[in-house]
Amino acid sequence: MATAEPYVLFELAGTAYAIPSAVVQRMEMVEQVTPVPNAPAFVDGVVFSRGQVVPAMSLRGRFGFPRRGYDAATRLIVVAHGDRTVGLIVDSAREFVTIPADAVRPPPEGMAGTSGNYLGGIATVGGRVVLILSVAEVLGHASAH
């Protein structure tokens with residue numbers, strides 16, 4: 001019997017992504033983002049969230065998608081990995097789903113490009129393809145630049 005993991009589904013540039021809910025601390029609307037000097041281009045700045053200052057990373061910028069302004073649907077997904085806490089800015093996020101482990105496939109060989117490195121797998125949820133994010137990869141490369 002395969003186990004099923006809970007995920008948070010979010011949208012980015014018209015594509016559905018999933019992130020393991022185990023690493024998600026909270027989701028909130030994007031309010032005040034304070035720019036930080038010399039930050040990588042994909043880091044919009046920092047936010048003050050529940051008493052802590054959290055770097056706010058634009059996943060659009062991280063994945064090389066065109067930027068767009070924040071709107072009422074834009075969400076900050078605060079994730080923790082290791083000793084790091086980072087806010088991921090996504091177009092929208094509102095669903096929680098459980099994905100059976102045997103429904104997750106490795107990313108196809110041809111996806112090893114820029115955003116392919118950040119994928120932990122691909123699943124089909126309710127008839128749509130969902131790209132599963134590898135939080136370790138997304139955050140790991142962020143500190144290397």
Side-chain angles (χ1 to χ4, degrees), residues 3-101 103-108 110-126 128-145:
T3 57
E5 295 287 323
Y7 289 86
V8 173
L9 282 190
F10 66 89
E11 290 267 328
L12 191 69
T15 301
Y17 289 83
I19 190 168
S21 60
V23 300
V24 176
Q25 290 189 332
R26 58 191 172 273
M27 284 192 301
E28 51 196 57
M29 294 181 73
V30 177
E31 291 176 13
Q32 184 65 40
V33 178
T34 304
V36 179
N38 299 319
F42 54 82
V43 174
D44 286 5
V46 294
V47 295
F48 191 67
S49 170
R50 296 198 191 165
Q52 67 184 143
V53 176
V54 177
M57 177 191 299
S58 164
L59 278 188
R60 278 183 165 262
R62 190 79 176 104
F63 294 168
F65 295 135
R67 295 293 197 114
R68 69 174 214 191
Y70 308 146
D71 60 26
T74 306
R75 290 291 176 271
L76 181 77
I77 303 176
V78 179
V79 298
H81 184 266
D83 59 354
R84 302 185 61 201
T85 300
V86 175
L88 305 176
I89 299 172
V90 302
D91 294 352
S92 67
R94 65 191 167 277
E95 288 182 78
F96 290 86
V97 294
T98 300
I99 302 175
V104 178
R105 303 276 175 257
M111 292 185 71
T114 308
S115 60
N117 296 337
Y118 306 131
L119 297 182
I122 296 180
T124 306
V125 178
R128 60 185 174 161
V129 173
V130 175
L131 305 178
I132 298 175
L133 213 57
S134 167
V135 175
E137 288 295 316
V138 171
L139 301 188
H141 294 292
S143 59
H145 294 292

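Values below: every heavy atom of this structure, side chains too, minus hydrogens, waters and symmetry copies.
- Residues Y118 and S134 fail the side-chain proximity criterion, which asks for heavy atoms closer than 4.5 Å.
- The CG atom of L88 lies 7.5 Å from the CG atom of L76; values are rounded to the nearest 0.5 Å.
- Here the CD1 atom belonging to I19 is positioned 7.5 Å from the CG atom belonging to L59, to the nearest 0.5 angstrom.
- Applying the side chain to side chain contact (heavy atoms under 4.5 Å, CB included) test between V8 and each of V90, V79, V97, V24 identifies V24 as the sole match.
- The shortest distance between side-chain heavy atoms of E5 and V104 does not fall below 4.5 Å.
- Looking at residues two or more places apart in sequence or on another chain, you find no side chain to side chain donor-acceptor pair (under 3.5 Å) involving E11.
- By the side chain to side chain donor-acceptor pair (under 3.5 Å) test, E95 is found to be paired with R128, residues two or more places apart in sequence or in another chain being considered.
- Using a 4.5 Å heavy-atom threshold, the side chains of V86 and V135 count as separate.
- A103 is linked by a side chain to side chain contact (heavy atoms under 4.5 Å, CB included) to I99, P100, counting only residues two or more places apart in sequence or in another chain.
- Residues L119 and P107 share a closest heavy-atom pair of O-CG, 3.8 Å.
- Applying the salt bridge (Lys or Arg N to Asp or Glu O under 4.0 Å) rule to R68 yields the partners D71, D91; only residues at least two apart in sequence or on another chain are considered.
- Across every non-hydrogen atom of A72 and M29, the tightest pair is O-CE, 3.6 Å.
- When atom types are taken as modelled, the side chain of R26 and the backbone of S49 share a donor-acceptor pair closer than 3.5 angstrom.
- With sequence neighbours left out, the side chain to side chain donor-acceptor pair (under 3.5 Å) criterion links S92 to R94.
- Not counting sequence neighbours, the partners of F10 by the ring-ring contact (aromatic ring centres under 6.0 Å, His included) test are Y17.
- Nearest heavy-atom pair, P66 versus R60, reported as atom, atom and distance to 0.1 Å: O-NH1, 2.5 Å.
- Closest approach of V54 and G87 over heavy atoms only: CG1-N, 3.2 Å.
- Taking both residues in full, the closest heavy atoms of I77 and M27 are given as CG1-CG, 3.9 Å, listed atom of the first, atom of the second, then distance.
- The closest side-chain heavy-atom distance from V43 to V36 is not below 4.5 Å.
- In terms of the side chain to side chain contact (heavy atoms under 4.5 Å, CB included) criterion, D83 has no residue partners (sequence neighbours excluded).
- Between I122 atom CD1 and R105 atom CZ the span is 11.0 Å, to the nearest 0.5 Å.
- Separating the CZ atom in R50 from the CD atom in Q25 is a distance of 9.0 Å, to the nearest 0.5 Å.
- Side-chain atoms of R84 come within 3.5 Å of backbone N or O of L139 as a donor-acceptor pair.
- Residues V138 and F42 are not in side-chain contact: their nearest non-hydrogen atoms beyond the backbone lie 4.5 Å or more apart.
- Shown here are the side chain to side chain contact (heavy atoms under 4.5 Å, CB included) partners of Y70, two or more places apart in sequence or in another chain: V30, V33, D44, T74, I89.
- For R75, the side chain to side chain donor-acceptor pair (under 3.5 Å) test picks out no residue, with sequence neighbours left out.
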